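What follows is a short report on a single structure.
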Amino acid sequence: MKVILLDANIPDISIEKKEIEKHIFFTFLVDGISRACSHQLVRHRPASYSQQSQRYVSMKDFPYVKPGSVKDKFILFENKKISFDDVMSFLGDVYESFVEKGVPKEDARFVLPNACATRIVFTMNVRELIHFLKLRTCNRAQWEIREMAIKMLKLLRTEMSEIFSQVGPGCFMTGVCPEGEKTCGKQAEVVSFFEKL
Ligand SMILES: Cc1cc2nc3c(=O)[nH]c(=O)nc-3n(C[C@H](O)[C@H](O)[C@H](O)COP(=O)(O)OP(=O)(O)OC[C@H]3O[C@@H](n4cnc5c(N)ncnc54)[C@H](O)[C@@H]3O)c2cc1C
């Protein structure tokens with residue numbers, strides 16, 4: 001996964017801190033995340049998104065994200081031992097066979113998996129970034145979007161440390177874990193990680 005800070009729009013106005021958060025925008029390019037991850041990202045509404053289309057690009061040899069947990073794992077299918085990579089390759093062949101039979105790419109793509117890699121550009125203001133990062137840097141967030149959020153936070157801390165050095169998961173920002181019974185129980189470790197990031 002590549003996370004690139006493409007642009008920052010920081011108006012030179014002197015208004016109070018809470019107000020300026022609405023007027024500063026950052027634009028990111030994220031390349032090589034799964035569709036499972038981008039689906040979670042676009043649930044965050046106060047933002048603008050542009051995502052690579054699957055309607056026109058051929059997805060025969062589609063790039064994909066492989067979770068660490070499936071590495072070296074095999075499943076038995078019709079008495080054959082198959083890996084995650086075998087499934088991806090099979091789905092690419094199924095997709096291509098439909099396209100060869102005249103099925104439009106926009107329909108053939110229905111067989112493609114959540115693992116398909118995508119590229120997305122998005123713009124968020126500082127208020128939304130703080131909200132997003134608080135939720136998605138938390139240990140409760142899914143690993144891929146958490147990895148992406150941590151990379152974004154690192155870039156933002158370099159760009160605007162006066163705001164983003166205070167930003168991280170809920171426990172880091174407030175001293176209290178907001179997850180109740182679902183807490184990861186590792187508050188001290190998490191706080192120390194985000195202090196040193
Ligand atoms: C750990 C985790 C697990 C999750 N699990 C699931 C799940 O199982 N199923 C599922 O469907 N989703 C799940 N989500 C997604 C979650 O429900 C939210 O959709 C997502 O986190 C977006 O956050 P948000 O709604 O707080 O705010 P955003 O969309 O980021 O908006 C920020 C804030 O703006 C305000 N706002 C934005 N739009 C409106 C609006 N239309 N009306 C009023 N106020 C608005 C609200 O105050 C909101 O909190 C999960 C998220 C996390 C972090």
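Residue numbers start at 1 and run along the sequence shown. Quick caveat: nothing in here was measured; it's all calculated off a predicted structure. Order of appearance sets the numbers: ligands from 1, and atoms from 1 within every ligand.
If you look at ligand 1, the protein residues with a non-hydrogen atom under 4.0 Å away are Arg43, His44, Arg45, Pro46, Glu128, His131, Leu135, Arg136, Arg140.
A donor-acceptor pair is defined here as one N or O able to donate and one able to accept, closer than 3.5 Å; such a pair exists between the side chain of Gln142 and the backbone of Ile145. Judged by distance alone, the side chain of Arg146 and the main-chain N or O of Thr137 form a donor-acceptor pair under 3.5 Å.
When only modelled atom types and interatomic distance are considered, Ser89 and Asp86 share no side-chain donor-acceptor pair under 3.5 Å.
Using a 4.0 Å cut-off between charged side-chain N and carboxylate O, Lys22 and Glu19 make a salt bridge.
Cation-pi geometry between Lys66 and Phe84 is not met: the NZ or CZ atom fails to fall both under 6.0 Å from the ring centre and inside 45° of the normal.
Using a 4.5 Å heavy-atom threshold, the side chains of Arg127 and Ile24 count as separate.
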